[in-house]
Amino acid sequence: PLIPPSPQEHGLDFERLLDASAYKERFRQDMIRWGEEKRRADPGFFCRAAVQGALQPVWVVSDTRRLSDVEWFRAAYGDVVQTVRVVATEETRKRRNWVFVAGVDDAESECGLDQGVAFDWVITNDGDEAALGEQLEVLVQSLHRNL
């Protein structure tokens, strides 16, 4: 995860910024604003940072949030890019303590990929571990076949 260069200089706890706590929520809008400024100046900033030094034959770039990110990876790596969307019902998300926050959860940083992307894979994660495992197994087998 990429956040402003030095959370320590702002007196922030880096580890707590990575979880789903109220602590993170206090700084979430500032982190989004910082990310938007970086993207406006350089749309590939975070994408390049995500792959910097990666040598593995398969990479999982998690938490991509914008169409420009998907477009960057496709332009840079072509047909080998596989897009995966993980979905859960709103009921499931609420059981996991998600609460909608206007101005945050309806911003591009949260829903920029809700339209405009034909995902290669859609994985449902509603709490059924067996069903999730089966879906992930099919995905992993496909990746292995394409190595």
Any ion pair linking Glu108 and Arg65 (charged N to carboxylate O, less than 4.0 Å)?
no
Less than 4.0 Å between a side-chain N and a carboxylate O, is that true for Asp126 and Arg93?
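No.
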Check whether any side-chain heavy atom of [X] lies under 4.5 Å from a side-chain heavy atom of [Y], and answer yes or no.
X: Arg48; Y: Gln52; value: no
X: Thr83; Y: Phe73; value: no
X: Leu132; Y: Ile123; value: yes
X: Phe100; Y: Asp106; value: yes
X: Val84; Y: Asp120; value: no

side-chain contact (heavy atoms from CB on, under 4.5 Å) between His144 and Val140, worked out
CA-CA 6 Å; His144 280 281; Val140 169; 3.3 Å; yes
With no hydrogens and no angle check, is any side-chain donor or acceptor of Gln135 less than 3.5 Å from a backbone partner on Thr124?
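Flag set: sc Gln135 to bb Thr124 pair under 3.5 Å.
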Take a 6.0 Å sphere around CG of Asp79 and say whether it holds more than 12 heavy atoms from other residues, nucleotides or ligands.
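Check fails, neighbour count at 12 or below.
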Is the number of heavy atoms from other residues, nucleotides or ligands under 6.0 Å of Gln141 CD greater than 12?
yes
For the atom pair [atom1] ([X]) and [atom2] ([Y]), what is the distance rounded to the nearest 0.5 Å?
X: Glu90; Y: Arg95; atom1: CD; atom2: CZ; value: 12.0 Å
X: Arg96; Y: Glu91; atom1: CZ; atom2: CD; value: 12.0 Å
X: Arg66; Y: Phe46; atom1: CZ; atom2: CZ; value: 8.0 Å
X: Asp69; Y: Leu113; atom1: CG; atom2: CG; value: 7.0 Å

Looking at the rings of Trp72 and Phe45, which for Trp means the six-membered one, are their centres under 6.0 Å apart?
no
Checking Tyr77 against Trp59 for the ring pair (Phe, Tyr, Trp, His ring centres under 6.0 Å) test, could you report, in this order, the C-alpha distance in whole Å, the side-chain angles of both residues, the deciding distance, and whether it holds?
CA-CA 12 Å; Tyr77 298 103; Trp59 310 336; 5.2 Å; yes
Going hydrophobic residue to hydrophobic residue with side-chain gaps under 4.5 angstrom, can you get from [X] over to [Y]?
X: Leu67; Y: Val122; result: yes
X: Phe119; Y: Val70; result: yes
X: Leu139; Y: Leu147; result: yes

Just to verify, which of Leu136, Val86, Val138 counts as forming a side chain to side chain contact (heavy atoms under 4.5 Å, CB included) with Trp121?
Val138
Looking only at heavy atoms, which two atoms of Asp105 and Cys111 are closest? And how far apart?
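Looking at all heavy atoms of both residues, the closest pair is O-SG, 4.3 Å.
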Which heavy atom in Asn146 sits nearest to a heavy atom in Ser142, and how many Å separate them?
ND2-O, 2.9 Å
